[in-house]
Amino acid sequence: MSLAKRAGDTINVTFDWSDALPTGVTVISATHTMPNGLTLVTESNTATTSTARISGGSHGRSYQLKGTAVLDSGETVVDYVTIIVVNSA
C-alpha cells in the first residue's frame with residue numbers, strides 16, 4: 001500500500017491486521033519503525049488495527065514505514081506502507 005502526504009502535514013497511517021488474524025486472535029501490541037526523515041508522533045492499536053501518527057519527510061522522496069503487530073497467540077506479523085511526500089503548497 002502507498003499513501004501520499006505533504007511535507008508539512010502530520011497524518012495517521014493505519015495498518016489493518018484483520019486479514020492476518022486467525023479466528024479469535026487479536027493484536028495485543030504494535031510498533032511502527034520510521035526511516036530517517038519521518039518522525040513517529042504517536043502510535044496505538046486496537047484488537048485488529050494499529051495506527052502510527054507521522055510527520056516530516058522531504059518533497060519528492062518516498063519512505064517505507066514498517067508496522068509490526070504482536071498477536072495474543074504469540075505470533076508476530078509485519079507489513080509495510082510506502083509514504084510518498086508531495087509538494088506542500
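This structure is a prediction, so every number in the text was calculated from the model and none was measured.
Scanning all heavy atoms of the two residues, the minimum distance from A7 to G57 falls at CB-O, 3.7 Å. Across P22 and A20, no two heavy atoms sit closer than the pair CD-O, 3.4 Å.
A donor-acceptor contact shorter than 3.5 Å is absent between the side chain of H32 and the backbone of G67. For T46 (side chain) and T48 (main-chain N/O), a donor-acceptor pair under 3.5 Å exists by modelled atom type. K5 places no side-chain N or O within donor-acceptor distance of the main-chain N or O of S55, the cut-off being under 3.5 Å.
The hydrophobic cluster containing L71 also includes M1, L3, I11, V13, F15, W17, L21, V25, V27, M34, L38, L40, I54, Y63, L65, V77, V81, I83, V85, under a criterion of side-chain heavy atoms closer than 4.5 Å among ILVMFWY residues, counted directly or through chains of members.
Here the OG1-CZ distance, from T39 to R53, works out to 12.5 Å after rounding to the nearest 0.5 Å. From D72, atom CG reaches atom OG1 of T26 across 3.5 Å, with rounding to the nearest 0.5 Å. Rounding to the nearest 0.5 Å places OG1 of T14 at 11.5 Å from CG of N45.
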